[in-house]
Number of protein chains: 2
Amino acid sequence: MSEHKNSQVIRDLIDRLSRLNAAEDWNGPLNPSQFAALSYLARANRFSRAPSHVAEYLVTTRGTASQTLKALARKGLIRESRSATDKRSIRYDVTDLGKDMMKAPSGLANVIDDLPEEIVKDLTGSLKTLVREILKTRKGRSFGLCRTCAHHRNRGNGAYCNLLDVSLAPPDANEICHEHIAA
Amino acid sequence: MSEHKNSQVIRDLIDRLSRLNAAEDWNGPLNPSQFAALSYLARANRFSRAPSHVAEYLVTTRGTASQTLKALARKGLIRESRSATDKRSIRYDVTDLGKDMMKAPSGLANVIDDLPEEIVKDLTGSLKTLVREILKTRKGRSFGLCRTCAHHRNRGNGAYCNLLDVSLAPPDANEICHEHIAA
DNA sequence: TCTAATAGTAGCGAGTCGAAACTATTGCAA
DNA sequence: TTGCAATAGTTTCGACTCGCTACTATTAGA
């Protein structure tokens, strides 16, 4: 039988899908990597917006991530903010211009929105499983939402992080955290 | 609610998955684009191995595809073969060395192989739907298997292509064709 | 026949990519 | 307290992708 393996077919579909998606990015002012970095920063909480976090999320090196972030800063889409407590580290915040950039329509998003809800649910679950399992073999971080983390505690109106020992303002808990550990 | 849209989540998962997959390629002698081009050539039939076909499959330009193919040829993984009937066109054939390269183990493939059969089936179906719908809006070709094409006809032991008016040897029908139209 | 379409390529500038070398901090232990 | 070692970020390098434009060669069609 010259039928191809299931894993080969899926691998190919994922590659094709991301190429089709990336081809759209190239038409805009941002290339796919820059868009991915900006998109991450827009969804990451204040503890997770350093170059090294972006590097790990994008599965690349700190050097490469550094260059991509410099390019975004040059274009005025993010702004660097130095830490007072640790003079080595930098946090990049997304500017209003950067936030606008995230609103651009996407062909892939349109297609997904037209899919039946049940299919979307299953697809999301399957993709999450794949990402989780690969991250397990690579010992990579999950980058899940703060409020779904094992260190997250509800506290009055807000919340608290047991790992970093800090109070969490409302937005923090709904954003991505690089310290995330599945509860 | 600051919950993100389903489409955004799925888009992100696909990007993350392809980055995790691509990161593995970088460890080898081929970069992700070169690997994708080689993988395509290894599965495409003799009518579909020209630079312009690779370009359309990889959703890029002929110029970029041309460079990637030259790089693969330099590494001895593919060999160019000029056409006798049309002196403009070139067909690249995968060498034995190139075929060996395709056997490299993949972390993503391993994870997929461990998934329950039912999940794999649903996932494949959903991803195929997404690719099909996006291609529809872009007016792109489907690049399906020859034997699932509307122009495919069984004929004795072999098969026949009604579009190109040629007999199909056994391997042809099980390979990708750039002229593919869903039956 | 002559012009338009097609196939492939070369070169440009911006940027990604890993890798290695480098600076500036911070942490920790003797 | 001094003195490394670890950490955070950057820079540079060479190979390459990427869209784009301009170009050559060939073929198709009016």
Side-chain angles (χ1 to χ4, degrees), chain A residues 15 18-38 40-41 47-75 77-78 80-92 138 178-179, chain B residues 15 18-38 40 47-75 77-78 80-92 178-179:
Chain A
D15 187 62
S18 77
R19 279 180 177 277
L20 284 163
N21 189 45
E24 288 183 18
D25 291 347
W26 281 109
N27 296 330
L30 265 43
N31 69 39
S33 286
Q34 289 170 355
F35 186 89
L38 183 58
Y40 169 79
L41 289 177
F47 315 113
S48 313
R49 296 195 213 119
S52 52
H53 303 142
V54 175
E56 187 172 2
Y57 186 80
L58 297 187
V59 199
T60 185
T61 58
R62 282 180 325 218
T64 298
S66 182
Q67 291 178 70
T68 300
L69 292 171
K70 293 278 176 205
L72 286 174
R74 255 194 323 271
K75 295 178 185 179
L77 305 173
I78 60 177
E80 80 169 51
S81 135
R82 312 225 60 129
S83 162
T85 56
D86 187 339
K87 285 179 198 155
R88 291 171 303 180
S89 65
I90 291 183
R91 192 189 72 206
Y92 281 100
R138 297 177 61 100
H178 76 111
E179 296 283 16
Chain B
D15 188 63
S18 78
R19 279 180 177 276
L20 283 162
N21 190 45
E24 289 184 14
D25 291 346
W26 281 109
N27 297 328
L30 262 42
N31 68 39
S33 286
Q34 289 169 356
F35 187 88
L38 183 59
Y40 169 78
F47 315 113
S48 314
R49 297 194 212 120
S52 52
H53 303 141
V54 174
E56 187 173 4
Y57 186 79
L58 297 187
V59 199
T60 186
T61 59
R62 280 173 307 158
T64 299
S66 181
Q67 291 177 70
T68 299
L69 292 171
K70 293 278 175 206
L72 286 174
R74 255 194 325 269
K75 295 178 186 179
L77 305 173
I78 60 177
E80 80 170 48
S81 134
R82 316 234 44 140
S83 162
T85 56
D86 187 338
K87 283 179 198 155
R88 290 172 304 180
S89 66
I90 292 183
R91 191 188 74 207
Y92 281 98
H178 75 113
E179 296 282 17

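This is a predicted model, so every value here is computed, not measured. Just so we're on the same page: letters track the sequence lines, and every chain starts at 1.
As judged by a 4.0 angstrom heavy-atom cut-off over every strand, B:R74 is placed among residues touching the sugar-phosphate backbone only. Nucleic acid contact for A:A71: none, since no nucleic acid atom lies under 4.0 Å from a heavy atom of the residue.
D:dC16 atom P lies 12 Å from atom CG of B:L77, rounded to whole Å. Rounded to whole angstrom, the span from the CZ atom of A:F35 across to the P atom of D:dC18 amounts to 18 Å. Atoms CD1 (A:I90) and C1' (C:dT23) sit 13 Å apart, rounded to a whole Å. Here the C1' atom of nucleotide C:dG8 and the CZ atom of B:R49 are 18 Å apart, to the nearest Å. With rounding to whole Å, B:D25 atom CG is found 11 Å from C:dG18 atom P. To the nearest angstrom, P of C:dA7 lies 9 Å from NE2 of B:H178. One interatomic measurement links the two molecules: CG of B:D15 to C1' of C:dT16, which rounds to 14 Å at whole-angstrom precision. Here D:dT10 presents its C1' atom at 11 Å from CD of A:E80, a figure rounded to the nearest Å.
Listed nucleotides: C:dT16, D:dT17, D:dG9. Nearest to the side chain of B:S33: D:dT17. Of the candidate nucleotides C:dC17, D:dG19, D:dG9, D:dG9 has the atom lying nearest to any side-chain atom of A:P51. With C:dC17, D:dG19, C:dT9 as the choices, the nucleotide that has an atom nearest any side-chain atom of B:Q67 turns out to be D:dG19. Listed nucleotides C:dT9, C:dG8, C:dG18 differ in distance to B:Y92; the shortest reach to its side chain belongs to C:dT9.
A:A71 and A:Q34 make their closest contact through CB-NE2, 3.4 Å (heavy atoms, listed as atom of the first residue, atom of the second, distance). A:S48 and A:Y40 get closest at one heavy-atom pair: O-OH, 2.8 Å. Closest approach of A:N31 and A:D25 over heavy atoms only: C-CB, 4.4 Å. Contact detail for A:L58 and A:A36: the closest heavy-atom pair is CD2-CB, 3.8 Å. B:A65 and B:P51 get closest at one heavy-atom pair: CB-O, 3.8 Å. In terms of heavy atoms, A:V59 sits closest to B:L20 at CG2-CD2, 3.7 Å.
Judged by atom type and distance alone, A:T64 reaches the base of C:dG18 through a side-chain donor-acceptor pair under 3.5 Å.
Considering only heavy atoms from C-beta on, A:L41 comes within 4.5 Å of A:L69 through its side chain. Within the 4.5 Å cutoff, the side chain of A:L30 has heavy atoms near those of the A:L77 side chain. The shortest distance between side-chain heavy atoms of A:E80 and A:K70 falls below 4.5 Å. Side-chain atoms of A:R49 and A:I78, non-hydrogen and from C-beta on, never get closer than 4.5 Å to each other. Taking the side chain as every heavy atom from C-beta outward, A:R19 and B:S33 approach each other to under 4.5 Å.
Between B:T61 and D:dG19 there is a side-chain N or O to OP1 or OP2 distance below 4.0 Å. Distances shorter than 4.0 Å separate none of the side-chain N or O atoms of B:K75 from OP1 or OP2 on D:dA15. Checking the phosphate oxygens (OP1, OP2) of D:dT17, a side-chain nitrogen or oxygen of B:Q34 falls inside 4.0 Å. In terms of phosphate contacts, A:T68 brings no side-chain nitrogen or oxygen within less than 4.0 Å of OP1 or OP2 of C:dG15. Checking the phosphate oxygens (OP1, OP2) of C:dT16, a side-chain nitrogen or oxygen of A:N31 falls inside 4.0 Å. Using a 4.0 Å cut-off, no side-chain N or O of B:R91 falls inside it from OP1 or OP2 of C:dG8. Phosphate contact (OP1/OP2 of C:dG8, side-chain N/O of B:S52, threshold under 4.0 Å): present. Checking the phosphate oxygens (OP1, OP2) of D:dG9, no side-chain nitrogen or oxygen of A:S66 falls inside 4.0 Å.
Along DNA chain C, the nucleotide closest to A:L58 and the one closest to B:L69 are compared, and the more 5′ of them pairs with B:L69.
The bend of the helix from C:dT1-D:dA30 to C:dA30-D:dT1, defined by the angle between the axes of its first five and last five pairs, stands at 10° to the nearest 10°.
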For this session: Sugar-phosphate atoms are those with a prime plus P, OP1 and OP2; base atoms are the rest. Using that split, label each nucleotide of nucleotides 21-30 of chain D B, S or - for protein heavy atoms under 4.0 Å, 5' to 3'.
Result: ----BBS---
